[in-house]
Each structure stands twice: as C-alpha cells, then as structure tokens.
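Working notes, structure below.
This structure is a prediction, so every number in the text was calculated from the model and none was measured. These numbers come from the heavy atoms of this one structure, side chains and all, not from hydrogens, waters or symmetry mates.
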Amino acid sequence: YYSAFHCSGGRENHLTNNEAYSVGSVVLLGRDSSFNIVSNTSGREMHDNGIYNSSGDSSSFLGGTFENTLGSGVKARGRSHVVSGFTIKGCNVGVNLTGNGTTPDAFNSNGFGTVCSNNTIASATGHGIQVSGQDGLYARDFVISNNTIESHLGTAGFAAINATMEQGLK
C-alpha cells in the first residue's frame, strides 16, 4: 500500500489538515528530512502507520486522529522530535519512538531529545507507547509525559509504556 503523502528528504516541509483512508500511511517522511511540521492529520484503516518519520531530526507531529492502524499511530525515528496531541484508537502500538543511524554519539546512542506528550491512546494490542532500539543502538533522554492510555489490550510482554533506552527517560 502506498502512502497518501510522501516527502523524501528536504527541510521545513509543512503538511497540515490532511486525511486519508485505507492507504499505507497518511504521511511518510524519509531520507533524513528535518524541521518538518505535520499537523491535524487523520486516518482510518491504515495498513502501516498513521505518520511514519523514517529518519531525520527536529520535526513536530502535532495533533490528529488515527483509528484502526495495523502498525503505529505515529512512528518517529531519529532525534529531537515532538509528538503531541493525538488520539489513537485500535492500533498495534500507539506511539513508537526510536533513534536512527549506525554511528553512535558520545553516549553510545543514536537518538536523543524526543518529547511525547498529551496523547490519548486506546485499545492498543501491543504497547501504548514504545521507546526502543534501532540499527543496533538505543536512544537516550526522551521525555514521555501527560499521555492517557486506556483499554490497553496488550498481554504477555506488552505494556502501556515500554522503554528500552541507553539512559535518561524522563
């Protein structure tokens, strides 16, 4: 399935007030794009993720609604992103956050400084919010705050918030 909107590389792309149904992702950002703003984005019956930022830094993902997403509502790889103001219902993982790249920084990490706040996640079958490794390295110094996770459906090894990090979850 193709994404409804795909930006590959570049800086300072602004995508706002977009909606899509039954596609791969509503928005796919790739190739180390940075300083993007994606706001008021909505979708239903996504075959991948609502928003997927495959690499890059310093992008803001601000508000929207995703329902029945096979992947994540928002998946953001890289560093210094903001994910805030989403309502995500019926997904595998509500918000999935990782670093990106095979070259570690001075702290042996590949991502830092991402903030995930003020999201509502309902009926996730996996993790509500997941912070994990990518490319064999872990992220550091992420902030997870003021999120609401309800009707969490994950069992066995799943948690409402699951973080595997190098250091510094706040």
Side-chain angles (χ1 to χ4, degrees), residues 3-18 24-43 46 48-66 69 71-88 91-121 124 126-135 137-149 161-170:
S3 297
F5 302 93
H6 181 192
C7 293
S8 185
R11 298 170 53 95
E12 301 177 14
N13 299 298
H14 294 252
L15 297 167
T16 188
N17 297 320
N18 293 297
S25 296
V26 178
V27 174
L28 170 61
L29 301 173
R31 288 194 44 227
D32 295 320
S33 60
S34 58
F35 299 99
N36 299 296
I37 298 172
V38 178
S39 62
N40 300 319
T41 304
S42 298
M46 314 303 337
D48 195 9
N49 305 290
I51 295 172
Y52 181 25
N53 185 77
S54 71
S55 60
D57 66 276
S58 306
S59 290
S60 296
F61 307 101
L62 306 172
T65 302
F66 297 111
T69 302
S72 300
V74 178
K75 183 174 184 177
R77 295 173 53 190
R79 65 182 188 272
S80 301
H81 299 303
V82 174
V83 177
S84 184
F86 287 93
T87 299
I88 301 167
C91 58
N92 182 27
V93 175
V95 177
N96 190 342
L97 307 170
T98 70
N100 187 57
T102 57
T103 305
D105 65 14
F107 298 96
N108 200 37
S109 298
N110 66 352
F112 58 87
T114 291
V115 175
C116 176
S117 66
N118 301 310
N119 300 292
T120 299
I121 300 161
H127 302 295
I129 297 172
Q130 180 174 4
V131 180
S132 60
Q134 178 69 35
D135 300 319
L137 297 167
Y138 292 105
R140 64 178 172 86
D141 301 321
F142 278 28
V143 175
I144 311 293
S145 68
N146 298 320
N147 297 286
T148 301
I149 300 171
I161 298 174
N162 181 58
T164 305
M165 300 186 62
E166 194 65 39
Q167 66 180 24
L169 179 66
K170 299 175 184 168

Any pair counted as salt bridge (charged side-chain N to carboxylate O under 4.0 Å, His left out), so long as it reaches residues 91-118, sequence neighbours left out: Asp105-Arg140
Indicate the atoms forming the closest heavy-atom contact of [X] with [Y], along with that distance.
X	Y	answer
Gly99	Ala139	N-CB, 4.0 Å
Phe5	Asn18	CZ-OD1, 3.1 Å
Asp135	Gly101	OD2-N, 2.7 Å
Ser33	Gly9	CB-O, 3.5 Å
Asn96	Ser72	CB-OG, 3.4 Å
Gly73	Thr69	N-CG2, 4.3 Å

Nearest 0.5 Å please: distance from the [atom1] atom of [X] over to the [atom2] atom of [Y].
X	Y	atom1	atom2	result
Glu12	Phe35	CD	CZ	7.5 Å
Leu15	Phe61	CG	CZ	9.5 Å
Gln130	Thr164	CD	OG1	7.5 Å
Leu29	Ser54	CG	OG	7.5 Å
His127	Ile121	NE2	CD1	12.0 Å
Asp32	Ser34	CG	OG	8.0 Å

[X] side-chain N/O to [Y] backbone N/O, donor-acceptor pair under 3.5 Å:
X	Y	value
Ser80	Ser58	no
Ser25	Asn49	yes
Asn53	Ser55	yes
Thr114	His81	yes
Ser117	Ser84	no

Identified side-chain hydrogen bond (donor to acceptor under 3.5 Å, both in side chains) partner of Arg77 from the options Asp57, Asn110, Asn100: Asn100
The residue among Thr120, Asn118, Asn119 that forms side-chain hydrogen bond (donor to acceptor under 3.5 Å, both in side chains) with Asn147 is Asn119
Close side-chain approach of [X] to [Y], heavy-atom, < 4.5 Å:
X	Y	value
Cys116	Ile129	yes
Phe107	Asp141	no
Val131	Tyr138	no

Check the pair Ile144 / Leu97 against side chain to side chain contact (heavy atoms under 4.5 Å, CB included), numbers first and verdict last. CA-CA 10 Å; Ile144 311 293; Leu97 307 170; 3.9 Å; yes
Under the side chain to side chain donor-acceptor pair (under 3.5 Å) rule, collect the residues that match up with Ser39, sequence neighbours excluded. Thr16
How would you list, by chain and number, every residue that makes a side chain to side chain donor-acceptor pair (under 3.5 Å) with Asn146, sequence neighbours excluded? none
Candidate list Leu28, Val26, Val27, Ile51, test side chain to side chain contact (heavy atoms under 4.5 Å, CB included), partner Ser3, passing option: Leu28
